[in-house]
*Asks:* 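Handing you a structure now.
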Amino acid sequence: MARTRHAPAALLLALLLVPLLAVAGCGKEGSPPVKGPQPEALPQYRVNTSFRLDSSPTWRRAEKRGHFTVGVKEDQPYLGEKDPATGLYSGFDIEIARMVSASLGLDPARIRFVTIASANRETALQNGQIDYYVGTYTINDNRKKLVGFAGPYYMAGQDLLVRADETDIHGPQDLAGKRVCSATGSTPYQRIKEDYPKADLVAYDTYSICVDNLLTYQVDAVTTDNAILTGYAAKAPDELRVVGAPFSQEPYGIGVPRSDNALRFAIDDALAENEANGNWEKAYDATLGLSGVPAPKPPPIDRYPAG
Ligand code: GLU
């Protein structure tokens, strides 16, 4: 059957914009099971009320105001998603932010989440707009010159998202002359630019804009981490698919102000504690695990020396 190009895409865009949480709890008899995060499946994080970290200026400020301010993403399914109706955030990165807050003595229910795009993360940490950042943030040496990283808490890899009817693109080697979309300031954007210069690369602030452009045939592929792309594909399985095998390693870290080593080490400890007590895996199963990949073993935490 011949399809018009625009009507189904427009419909899909509307569907993609409906957060899964909005339909949670509205299950009528006979309606399909809801695939969004189920609040009752999420871990309950015990707040460590005796915790203090007076050597950390970031922690002292947060403790005084009574909550952490955390930078996140709001358009990455199962990772960091904001429900436009309620303003509530959900996903694996959000859970990581919450477990860290509880271990550091501040009520996770009081966290103020702020959406920060990939290109603005370093500035937000440098100017004190946020205390820490949890949003598919790859640890690398260039970024370590600007910010500190606790973790990693998850290992992703760069991949490609195409329309289900795509036949030409099987991996990054097929991108010559193809329009490829990624986010400004991201490692996947940089890798395509350097390693696949024949691709016709375009950049936007967010991956969800890239996905809109893919659905409306403005671009041929979206590239970023498999964890992110799998979420978009899971929301529109008839229209989108992830191709090939991951072609990079993207260890996700928690960004902190560069000079606040006390905060960085305390977050490393918090991650280790939550991996050991089962919270990490429970949080994964209730969020990112919903896109179909069983919980991996978390990568070893890299407690690199201060300097
Ligand atoms: N993990 C990659 C990065 O930090 C891509 C995802 C993102 O832009 O957040 O650049």
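Note that the numbering runs from 1 along the sequence shown for the chain. Computed from a prediction, not measured in an experiment: that's the story for all the values here. As the structure lists them, so they are numbered: ligands from 1, and atoms in each ligand from 1.
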*Asks:* Do the side-chain N and O atoms of T58 and D260 include a donor-acceptor pair separated by under 3.5 angstrom?
*Replies:* yes
*Asks:* Pick out the protein N or O atoms lying less than 3.5 Å from any N or O of ligand 1, and list each pair with its distance.
*Replies:*
{"unit_1": "ligand 1", "atom_1": "1 (N)", "unit_2": "T136", "atom_2": "O", "d": "2.8"}
{"unit_1": "ligand 1", "atom_1": "1 (N)", "unit_2": "T138", "atom_2": "OG1", "d": "2.7"}
{"unit_1": "ligand 1", "atom_1": "1 (N)", "unit_2": "D225", "atom_2": "OD2", "d": "2.6"}
{"unit_1": "ligand 1", "atom_1": "4 (O)", "unit_2": "R121", "atom_2": "NH2", "d": "3.1"}
{"unit_1": "ligand 1", "atom_1": "4 (O)", "unit_2": "T136", "atom_2": "O", "d": "3.2"}
{"unit_1": "ligand 1", "atom_1": "4 (O)", "unit_2": "T138", "atom_2": "N", "d": "3.1"}
{"unit_1": "ligand 1", "atom_1": "4 (O)", "unit_2": "R143", "atom_2": "NH1", "d": "2.9"}
{"unit_1": "ligand 1", "atom_1": "8 (O)", "unit_2": "S118", "atom_2": "OG", "d": "2.6"}
{"unit_1": "ligand 1", "atom_1": "8 (O)", "unit_2": "Y207", "atom_2": "OH", "d": "2.6"}
{"unit_1": "ligand 1", "atom_1": "9 (O)", "unit_2": "K73", "atom_2": "NZ", "d": "2.7"}
{"unit_1": "ligand 1", "atom_1": "9 (O)", "unit_2": "S118", "atom_2": "OG", "d": "3.4"}
{"unit_1": "ligand 1", "atom_1": "9 (O)", "unit_2": "R121", "atom_2": "NH1", "d": "2.9"}
{"unit_1": "ligand 1", "atom_1": "9 (O)", "unit_2": "T136", "atom_2": "O", "d": "3.0"}
{"unit_1": "ligand 1", "atom_1": "9 (O)", "unit_2": "T136", "atom_2": "OG1", "d": "2.7"}
{"unit_1": "ligand 1", "atom_1": "10 (O)", "unit_2": "R121", "atom_2": "NH2", "d": "3.3"}
{"unit_1": "ligand 1", "atom_1": "10 (O)", "unit_2": "R143", "atom_2": "NH2", "d": "2.9"}
{"unit_1": "ligand 1", "atom_1": "10 (O)", "unit_2": "T187", "atom_2": "N", "d": "2.9"}
{"unit_1": "ligand 1", "atom_1": "10 (O)", "unit_2": "T187", "atom_2": "OG1", "d": "3.3"}

*Asks:* Have a look at E122 and tell me which of K145, R258, R143 forms a salt bridge (charged side-chain N to carboxylate O under 4.0 Å, His left out) with it.
*Replies:* R143
*Asks:* Distance to the ring centre below 6.0 angstrom and angle to the axis at most 45 degrees; does that hold for K144 and Y304?
*Replies:*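 Yes, cation above the ring, under 6.0 Å and within 45°.
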*Asks:* Before we go on, tell me: are the rings of F92 and W280 under 6.0 Å apart, centre to centre?
*Replies:* yes
*Asks:* Strictly by modelled atom types, are E250 and T187 linked by a side-chain donor-acceptor pair under 3.5 Å?
*Replies:* yes
*Asks:* So, do Y207 and Y232 have ring centers that fall under 6.0 Å from each other?
*Replies:*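 No.
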